[in-house]
Amino acid sequence: MVHFSTIALALASVLPQLTNASGLNTAAVAKGKLYFGSATDNSELTDTAYLAQLSNTDDFGQITPGNAQKWDATEPSQNTFSYTKGDVIANLAATNGQKLRCHTLVWYSQLPSWVSSGSWTNATLLAAMKNHITNVVTHYKGKCYAWDVANEALNEDGTYRDNVFYQYIGEAYLPIAFATAAAADPDAKLYYNDYNIESAGSKATGAQRIVKLVQQYGAKIDGVGLQAHFIVGSTPSQSAQTTNLAAFTALGVEVAYTELDIRMTLPSTSALLAQQSTDYQNTVAACVANAKCVGVTIWDYTDKYSWVPSTFSGQGAACPWDANLVKKPAYDGILAALGGTASGTSTSSTATVTSTTTSATTTTTSATTTTTSATTTTTSSGSTTGVPLYGQCGGLGWTGSTTCTSGTCKYSNDWYSQCL
Ligand SMILES: O[C@@H]1[C@@H](O)[C@H](O[C@@H]2CO[C@@H](O[C@@H]3CO[C@@H](O)[C@H](O)[C@H]3O)[C@H](O)[C@H]2O)OC[C@H]1O
């Protein structure tokens, strides 16, 4: 016969885990973050089990529309705006009491052909871009915690991606986009968002150059979004990410992981799932360690709806929930980084998850080394020949040469620049 006290003892060892278990968002907020969130898409919302979990604010305090606010969705033909899909997700966030990260205004991809293949001049594309930003941001005014104003403006080597905006407007399309968004919704946080900027390197340096460029134009930029589309086993270390976040926040902006997922070559194995858990934990811990990292968004929470298999052949299983909406070890890895208590419901052991949150005191010590040139840039000199008007030494309103050949290109706190 089993004595009652034996049962009570057994229960006592289990109950703290069950009763104290916290979700990802609850744990993130307890750590001083604003949210832990997920991307979603309209077609997924008819799945009631999916929707119930997405709406669980214990796990998700923020959502991002994966496609509904992109240019091809919101302005499919010029000056005809469509907000139906975006509104569904914005309303869902409001109903659930979740923050909305709005995504995205100016991006080379998912552009309607009237933009990507239009017959533009500098002035006409500038007007179209400003019209798009003003309309979309005004429509969602007061609803977006943040806007990804510009997405993926950089090549891997940190130079500007050759998109239609850069071709016709030059680098100043970036500060002009930020200024236009700020005018339409002064309270939304305005972000530059990109991938492969999660550890130090040419592209991260390029993103820092964009932050400084926007600041030098006198336009508002509040944050940098690090997409963090990672690969299991190749994810940057926690310390590399912590150091990198500090280089961004040293510029006076906040940061967020905006599209975190960690894919693997299929089929998944318990070893890959364990490594994935460690990789998720390291990234979330890097955010925890930086006071100006406001939150983490995963790029959908379940393998059922992940964008990965259709984009990266042979790869998948990138999310913390599997295709049956069951938590994977990655869930407990994230929770461990957030200091939460494991629910014990994931599909395999968390024993391989290492505790790596000890560098919480690493902050912004390298701040001053990169901000001293706040009023000076040399990016235009020699590198922008052929790009018309904006973004060069000799920008808006300047009637002098269109490239800086005699000195350093300096921006004053307006739209003008000079060779000095
Ligand atoms: O057929 C298209 C389909 O390809 C499209 O897929 C979306 C593509 O964008 C994905 O989000 C991006 C992922 O990486 C970053 O680079 C970007 O910032 C994100 O916007 C999204 O998840 C996919 O669903 O969807 C529309 C279909 O018509």
Side-chain angles (χ1 to χ4, degrees), residues 17-18 21-28 35-67 89 92-93 96 98 101 227-232 235 257-284 287 295-312 315-338 340-350 352-353:
Q17 276 197 312
L18 299 178
S22 61
L24 305 181
N25 182 56
T26 302
Y35 59 80
F36 189 93
S38 175
T40 189
D41 216 342
N42 297 74
S43 58
E44 301 158 15
L45 302 178
T46 55
D47 179 337
T48 50
Y50 170 86
L51 179 61
Q53 175 57 53
L54 180 71
S55 301
N56 176 359
T57 54
D58 191 26
D59 278 320
F60 303 123
Q62 174 273 321
I63 55 179
T64 304
N67 287 296
I89 294 174
L92 176 66
N96 291 341
Q98 295 165 314
R101 286 200 87 261
Q227 292 182 9
H229 292 297
F230 288 144
I231 298 170
V232 166
T235 300
Y257 286 104
T258 53
E259 304 186 18
L260 175 62
D261 55 20
I262 309 183
R263 61 188 184 266
M264 61 183 71
T265 298
L266 297 173
S268 71
T269 63
S270 55
L272 284 167
L273 291 171
Q275 181 63 49
Q276 183 184 53
S277 180
T278 301
D279 292 344
Y280 265 105
Q281 181 172 355
N282 286 339
T283 297
V284 175
C287 182
V296 175
T297 306
I298 49 179
W299 205 242
D300 226 320
Y301 71 86
T302 164
D303 295 336
K304 187 173 185 178
Y305 297 121
S306 171
W307 75 305
V308 167
S310 63
T311 308
F312 303 97
Q315 299 183 54
C319 300
W321 276 257
D322 72 15
N324 295 314
L325 308 189
V326 175
K327 293 169 185 169
K328 294 155 62 176
Y331 182 94
D332 290 337
I334 296 169
L335 199 56
L338 295 170
T341 309
S343 63
T345 54
S346 70
T347 52
S348 64
S349 165
T350 60
T352 55
V353 177

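- Two residues are said to be in side-chain contact when any heavy atoms from C-beta on lie closer than 4.5 Å; T258 and R101 meet this criterion.
- Of all heavy-atom pairs spanning P65 and W299, the tightest one is O-CH2, 4.4 Å.
- Comment: K327 does not engage D322 in a salt bridge, judged by the lack of any side-chain N to carboxylate O separation of less than 4.0 angstrom.
- Listed here is the closest heavy atom pair of Q98 and L92: OE1-O, 4.2 Å.
- Here the straight-line distance linking atom OG of S38 with atom CG of N56 works out to 11.5 Å at 0.5 Å rounding.
- The shortest side-chain heavy-atom distance between Y257 and T297 does not fall under the 4.5 Å cut-off.
- Between the S277 side chain and the L273 main chain, no donor and acceptor come within less than 3.5 Å of each other.
- Between Y301 and W321, the angle of the ring planes goes over 60°, which puts this pair in the perpendicular group of the 30/60° scheme.
- Rounded to the nearest 0.5 angstrom, D279 CG and F230 CZ are separated by 8.5 Å.
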Derivation of the side-chain contact (heavy atoms from CB on, under 4.5 Å) call for T40 and I89: CA-CA 8 Å; T40 189; I89 294 174; 4.1 Å; yes

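- To the nearest 0.5 Å, the span separating OH on Y280 from CD1 on I298 amounts to 6.0 Å.
- The shortest heavy-atom contact between A39 and L54 is O-CD1, 4.4 Å.
- Nearest heavy atom pair, residue G23 against residue L335, reads O-CD1, 3.8 Å.
- Of the residues listed (D300, T302, I334, L24), the one engaging P320 in a side-chain contact (heavy atoms from CB on, under 4.5 Å) is I334, and it is the only one.
- Distance check, rounded to the nearest 0.5 Å: CD1 of I262 to CD of Q315 gives 13.0 Å.
- No side-chain donor-acceptor contact under 3.5 Å links Y305 and E44.
- Checked by atom type and distance alone, the side chain of S268 never pairs as donor or acceptor with a backbone atom of M264 at under 3.5 Å.
- Side-chain N or O atoms of K328 include one that pairs as donor or acceptor with a backbone N or O of C319 at under 3.5 Å.
- With T269 contributing its side chain and L272 its backbone, the two residues share a donor-acceptor pair below 3.5 Å.
- The two atoms that bring L325 and Y50 nearest to each other are CD1-N, 3.6 Å, heavy atoms only.
- Counted by atom type alone, D59 and N25 present zero donor-acceptor pairs between their side chains at under 3.5 Å.
- Rounding to the nearest 0.5 Å places CZ of F60 at 5.5 Å from CD of Q53.
- Side chain to side chain, D58 and T26 meet the donor-acceptor criterion of an N or O pair below 3.5 Å.
- In this structure a side-chain-to-backbone donor-acceptor pair under 3.5 Å is present from H229 to E259.
- Taken from CZ in R263 to OG1 in T311, the straight-line distance is 9.0 Å, to the nearest 0.5 Å.
- Residues T64 and Q62 have side chains that bring a donor and an acceptor to within less than 3.5 angstrom of each other.
- A donor-acceptor pair shorter than 3.5 Å cannot be found between the side chains of D41 and W307.
- The two atoms that bring A27 and G340 nearest to each other are CB-CA, 4.1 Å, heavy atoms only.
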Decide side-chain contact (heavy atoms from CB on, under 4.5 Å) for L51 and S55; before the verdict, give the C-alpha distance in whole Å, the side-chain angles of both, and the deciding distance to 0.1 Å. CA-CA 6 Å; L51 179 61; S55 301; 3.8 Å; yes

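- Distance alone, capped at 3.5 Å, places no donor-acceptor pair between the Q276 side chain and the A271 backbone.
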